[in-house]
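In listed order, ligands and their atoms are each counted from 1. All residue numbers refer to positions in the sequence shown, counting from 1. Remember, predicted model here, so these are calculated numbers, not experimental data.
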Amino acid sequence: MKKILTLILACLCALAFWGCKGSKPTLHIYVWSDYIAPESIEQFEEKFNCRVIVDTFDKNEALYAKIKGGAVGYDVLQPSSYMAKVMFDEKMIIPLDKSKLPNLKYVNPKYLKDSAIDKEMLYSVPYMICYACVAYDSNKVKDIPQSWSVFADSRFKGRMTLLDDIHETIGAALKYNGFELNSVDDAELAKAKETILNWRKNVAKFDAEAYKTGIATGEFVLVHGYSGDLAQVIAEKPHIKLMFPKEGMSISCDDWVIPQGAKNLDLAYEFINFMTSPEVAVQNMEFSQYDAVNWKARELMSDELKNMPTMNIPAEVLEKSEVIKDLGENNKKRYKLWDEVKL
Ligand code: N2P
């Protein structure tokens, strides 16, 4: 009996030893969907002998609520810049040690100077720029204006979607009315509400994820969506076209940040640095069709990507487009409006 017990103990010790030897550090990241090339994740895992677990979200508010609600265990997050600021102000993410991020030298300095919210990259590293625009099925949708007013067109009733995103859809309605994207003026917001209620009569739903499959399969004929995601669809289905409303669009950037309490800090820095290397950044541009905030990666783009409409937005539309900002206390006005207009 004693011998058997000794044998079992020896086996358990051996198993524990091999288990430890075989276990790899695991990096948990929480990011937007369809945004990171699977091969980048594989290359990172191989280079750093680790595993990466990728969880995805489709709204900044979902990310914020999850982390604020106490979700622990993530090492890297990917909020849009205005949400990164909120999270930093609320001490949900940490200031970055830039000595661990040598690839920051590739981040486009013009973007930092002109458009970034965190100009010094104190707590965030920019990843990709995104515009919210419109995609339509050119076989079924003809003669549309280059304007947000297309959502008022009852010809497409029930076959259009608007983004399920407070700042995007309120922003589009404000721009349509000639106001600033980040306006918190009561009269202007009231006008935007009236516009959304008018558009709402014609849209099937507010949606931030299914619109991609919806426009690709013909379920919807016209959708409000994120530029790169829409470009992913048109790369496969050339009859889907993009429309950049003449009144201007929203511009947002999604950033890498590290949450308070991240368990794998060194690996988190390695991951952000890896994703900011030009070769990996361009791999992700080609995959996601978004525009990386990386001057060197932009030089490495394929001709095919260079020619995509999302890389050639008309200058007059860009001039009227604005970066989404954090509105502080005034966000409450928008949450109230959003509750009143949501289907
Ligand atoms: C990625 C969507 C990111 C756009 N699929 C929102 N900023």
Which N or O atoms of ligand 1 sit under 3.5 Å from a protein N or O, and how far apart is each pair?
unit_1, atom_1, unit_2, atom_2, d
ligand 1, 5 (N), Ser33, O, 2.5
ligand 1, 5 (N), Asp229, OD1, 2.7
ligand 1, 5 (N), Asp229, OD2, 3.1
ligand 1, 7 (N), Asp254, OD1, 3.1
ligand 1, 7 (N), Asp254, OD2, 2.8

By side chain to side chain contact (heavy atoms under 4.5 Å, CB included), which residues pair with Glu279, not counting sequence neighbours?
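Glu279 satisfies side chain to side chain contact (heavy atoms under 4.5 Å, CB included) with Ser277 only.
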Give, for atom OH of Tyr74 and atom CG of Asn264, the distance between the pair rounded to the nearest 0.5 Å.
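It comes to 14.0 Å.
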Does one hydrophobic cluster hold both Phe274 and Leu77, with members joined at side-chain heavy-atom distances below 4.5 Å?
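Yes: a chain of side-chain contacts under 4.5 Å links Phe274 to Leu77.
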Determine whether the side chains of Tyr35 and Asn284 contain a donor N or O and an acceptor N or O closer than 3.5 Å.
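No, Asn284 and Tyr35 have no side-chain donor paired with an acceptor closer than 3.5 Å.
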Asp165-Tyr226 side chain donor-acceptor pair, cut-off 3.5 Å
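On atom types as modelled, these side chains qualify, holding a pair under 3.5 Å.
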Sub-4.5 Å side-chain heavy-atom contact between Tyr82 and Asn60:
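Answer yes - side chains close enough.
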